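Chain letters run A, B, ... following the sequence lines, proteins first and then strands; every chain starts at 1. All figures in this text were calculated on a predicted structure; none of them were measured in a lab.
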2 protein chains.
Amino acid sequence: MANIRDVAQRASVSVATVSRTLQHPDRVAAKSREKVMNAIAELGYKPNLMAVKFRSGKTQNLVVLVPAVSNVFFARVISGMQEAAAEHGYAILLANTTGNEDIEQQYAKMVSTSQADGLIQLRANNPLDKSLSNEFGLLPMVNACEVMQDTAFPVVTLDNRAAANAMTTHLLELGHRHIAMIKGPQSSPLTLERLAGYRDALHQAGLSVDESLLFPGDFTLSSGFDAAQHILSCSPRPTAVFCENDETAMGAMHAFKVNGLRVPDDISVAGFDDIAFAQYCDPPLTTISQPAEEFGRTAVTLLLDVLAGRIRKAPRVIMPFELIARASTGPAPQ
Amino acid sequence: MANIRDVAQRASVSVATVSRTLQHPDRVAAKSREKVMNAIAELGYKPNLMAVKFRSGKTQNLVVLVPAVSNVFFARVISGMQEAAAEHGYAILLANTTGNEDIEQQYAKMVSTSQADGLIQLRANNPLDKSLSNEFGLLPMVNACEVMQDTAFPVVTLDNRAAANAMTTHLLELGHRHIAMIKGPQSSPLTLERLAGYRDALHQAGLSVDESLLFPGDFTLSSGFDAAQHILSCSPRPTAVFCENDETAMGAMHAFKVNGLRVPDDISVAGFDDIAFAQYCDPPLTTISQPAEEFGRTAVTLLLDVLAGRIRKAPRVIMPFELIARASTGPAPQ
DNA sequence: CGAATAAATGTTAACGGTTACATCAAAATA
DNA sequence: TATTTTGATGTAACCGTTAACATTTATTCG
């Protein structure tokens, strides 16, 4: 590959003039500029950006840790990030962590090893966060979607508690009194928040929480399917199920139908996220809509603010949610 | 940030010894090694990998161009890539191109500007391919999933024509004679291949192709929904629809149900890809299963072979497919 | 014990850009 | 014309690491 010295030689100028032609064209005479441009074209010269980044200490890369790129909601968030990053000349290095801490660490290290300028985490992860602080303070990181309660990092999130409360209240208003819940991954703060919202709503309605109606799940279709099987054997059988995401809800809905129940006549099902499939399943899913792409855009913007030193105190950006009532929820059966 | 010279000074050795301690520990005396390791720990030294990569000319990065990360099939392919790449110490730089050629070019340039070692394209794209050849030959690139017919690049693909033939034959065997098809994006070779397979099957059965039964689509749920509306107004109405991917099929199925048709009693629907949702929708979708993760793994392996110069002639790896018959297809109504 | 050999360590030049500073020529001013 | 100012260009140091080569130190053997 031709380098800047080859170009300089061919154009009979110094390397500085070549560099200036590319960086500050106005600081070089028109005829030198032309000679340089010709030489560049003739040699097919492309600056080695690795060298530029090394020299400048800025990589223009952002690492994004995603628990599962196959999660449709995350996929939308990533799209938003990619857009916002591209607008500012940054590239996204995507890490599909699958919850694996080794992978998380491997990619998180890209920041401390100067391969990336900053980090966005789509999942609250305490151990990782701890190891990311050093004597100079915290690494440039933003925590999005699923966030930690007390973190020094900027955060962009949803009021999951309020959203879960709204959905549970929706079910209560439809007359449901036995509302099961299929939770998200154990350790996740997001799960706890949504669970808290569910409890809040029941308490506000003067009802107590039946702990036996809380079922474990992990955001996958199959975990929703499995949890639903357990729900079917409850007695009395719940008349509604609130799932912590849409995949789980669709898995559960399928299990109910396989077992001969009608949704929502026999049992109502509600989800969370409003993925594209939610409005195309049968029946269309009542769910909470989140501005996924906007989440991504905001997270990137926030991180760039951090990198530019434009932020003094870590902000918490709360994105709006909307309850989308579709056909999967209906009045409680008599 | 502490650099290698700081460590050398602190350990009272030369930079070479520090470097050797990290690269070839066996070539340095045990007691020096210990001094160095202590100094590294005390200073919290982390090698600047940007410098390493610049020096070595190897970035250990692979760029992957994906039309849409939100496509569930692609998400699985990406997972496979990430795994295989990580095993070999490579990172994936993911580009969500959304079919935008500027974005494709931007990311593809990362190879020629030494920011990445190689490129994987999940979509056949002739214009891009053309610009990727230079006087030294072709860029290190692998074309996966959707591939060009006559390309000099290694390719990992499916026999889409045979798979579409198999699915169409399946529908023919169920007695269907009016089989509509919802196609993929216009320009895509994959669309043409699957269409060819559909034609083959009809011809083999001694039937002619009714061009009015071919409907445009773009792999999204909504395009399937829209196409289905048109299918409903055909007369006679087709008794089966073969969709070029599962999202399209699910969108179409939803449209049929909204319009009071029963699947498969009134109309059969078949998809392609076997995404997770396919077995959890109602009715579960008959589709073609592709080893998505294996696609990703293979593409990465192939690219690493290219980079290592282990490949003489561009191979075409054909992955196996399987027809998964579920409940969305049934005998043709009388 | 001294020479030959092996092992450990040090010195330094790359890698490909950017940019502060030096230099030089031309234009402007006295 | 001599002097200053301005603009264009060149020289070389620097970013952090690696590794070829030089040098020193330890070990083996005659």
Side-chain angles (χ1 to χ4, degrees), chain A residues 1-40 43-61 89 109-117 136, chain B residues 1-40 43-61 89 109-117 136:
Chain A
M1 275 301 252
N3 65 24
I4 200 171
R5 267 164 263 268
D6 300 329
V7 174
Q9 189 170 7
R10 176 134 195 159
S12 313
V13 296
S14 70
V15 292
T17 299
V18 176
S19 180
R20 269 188 295 255
T21 303
L22 264 24
Q23 307 303 321
H24 320 279
D26 49 313
R27 293 192 200 293
V28 54
K31 87 176 172 311
S32 303
R33 203 160 50 209
E34 195 184 351
K35 284 193 295 180
V36 170
M37 295 312 281
N38 286 338
I40 287 178
L43 294 170
Y45 167 73
K46 297 268 178 62
N48 180 328
L49 291 187
M50 217 67 189
V52 174
K53 291 177 173 190
F54 160 57
R55 179 60 163 63
S56 70
K58 295 286 162 208
T59 63
Q60 301 289 107
N61 288 336
K109 267 187 201 147
M110 296 184 82
V111 178
S112 50
T113 55
S114 310
Q115 296 184 84
D117 299 337
F136 304 110
Chain B
M1 275 301 252
N3 66 23
I4 200 170
R5 265 165 266 269
D6 300 328
V7 175
Q9 189 169 9
R10 177 130 193 163
S12 315
V13 297
S14 70
V15 293
T17 299
V18 176
S19 180
R20 267 189 294 256
T21 303
L22 264 23
Q23 307 302 322
H24 319 280
D26 49 314
R27 295 192 200 292
V28 54
K31 86 177 173 309
S32 304
R33 203 159 51 210
E34 195 184 351
K35 283 194 297 181
V36 170
M37 294 313 280
N38 286 339
I40 286 177
L43 294 171
Y45 167 74
K46 297 266 179 60
N48 181 328
L49 291 187
M50 217 64 191
V52 173
K53 291 177 173 192
F54 161 58
R55 178 73 173 42
S56 69
K58 295 285 161 212
T59 64
Q60 301 288 110
N61 289 335
K109 268 187 200 146
M110 296 183 82
V111 178
S112 49
T113 56
S114 310
Q115 295 182 86
D117 299 338
F136 304 111

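- Atom CD1 in Ile4(A) sits roughly 14 Å away from atom C1' in dT11(D) (whole-Å rounding).
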Inset, instruction - Any chance you could lay out the side chain to side chain contact (heavy atoms under 4.5 Å, CB included) test for Val28(A) and Val13(A), step after step, and finish with the verdict? - result: CA-CA 11 Å; Val28(A) 54; Val13(A) 296; over 6 Å; no
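- Taking atom NE2 on His24(B) and atom P on dA7(C), their separation rounds to 16 Å, with Å as the unit.
- Contact check, Ser19(A) against dT18(C): a side-chain N or O comes under 4.0 Å of OP1 or OP2.
- For the pair Asn48(A) CG and dC15(D) P, the computed distance is 19 Å after rounding to whole Å.
- The base of dG16(C) does not come close enough to the side chain of Arg55(A) for any donor and acceptor atom to sit less than 3.5 Å apart.
- For Asn3(A) and dG16(C), the shortest distance from a side-chain N or O to OP1 or OP2 is below 4.0 Å.
- The phosphate of dG10(C) has OP1 or OP2 within less than 4.0 Å of a side-chain N or O from Thr17(B).
- Protein atom NZ of Lys53(A) is 25 Å distant from nucleotide atom P of dC14(D), rounded to whole Å.
- Rounded to the nearest 0.5 Å, atoms CE (Met50(B)) and CE (Met110(A)) are 9.0 Å apart.
- Shortest non-hydrogen contact noted between Phe54(A) and Ala51(B) is CE1-CB, 3.4 Å.
- Nearest to the side chain of Ala29(A), among dA8(D), dA8(C), dG17(C), sits dA8(D).
- In this structure, CZ of Arg33(A) is placed 13 Å from C1' of dG7(D), rounded to the nearest angstrom.
- With distances taken from any side-chain atom of Val28(B) to the nucleotides dA20(C), dG10(C), dT9(C), the minimum falls on dT9(C).
- Distance Arg27(A) CZ to dA20(C) C1': 13 Å, rounded to the nearest Å.
- Listed candidates were dG10(C), dA14(C), dG17(C). Nearest to the side chain of Val13(B) is dG10(C).
- Comparing Ser12(B) and Ala16(A) by the nucleotide of DNA chain C whose heavy atom lies nearest to each, the residue mapping closer to the 5' end is Ser12(B).
- In terms of heavy-atom proximity, Ser14(A) sits nearest to Ala8(A) at C-CB, 3.7 Å.
- Summarising the geometry, the separation between CG on Leu49(B) and C1' on dT18(D) is reported as 13 Å, rounded to the nearest angstrom.
- Closest contact between the side chain of Val15(A) and the listed nucleotides dG16(D), dT18(C), dT9(C) involves dT18(C).
- The Arg20(A) side chain lies nearest to dT9(D) when the options are dT9(D), dT18(D), dG17(C).
- Atom P of nucleotide dA14(C) and atom CE of Met50(A) are separated by 22 Å, given to the nearest angstrom.
- Listed here is the closest heavy atom pair of Tyr45(B) and Asn3(B): CE1-C, 3.6 Å.
- Distances shorter than 4.0 Å separate none of the side-chain N or O atoms of Gln23(A) from OP1 or OP2 on dT19(C).
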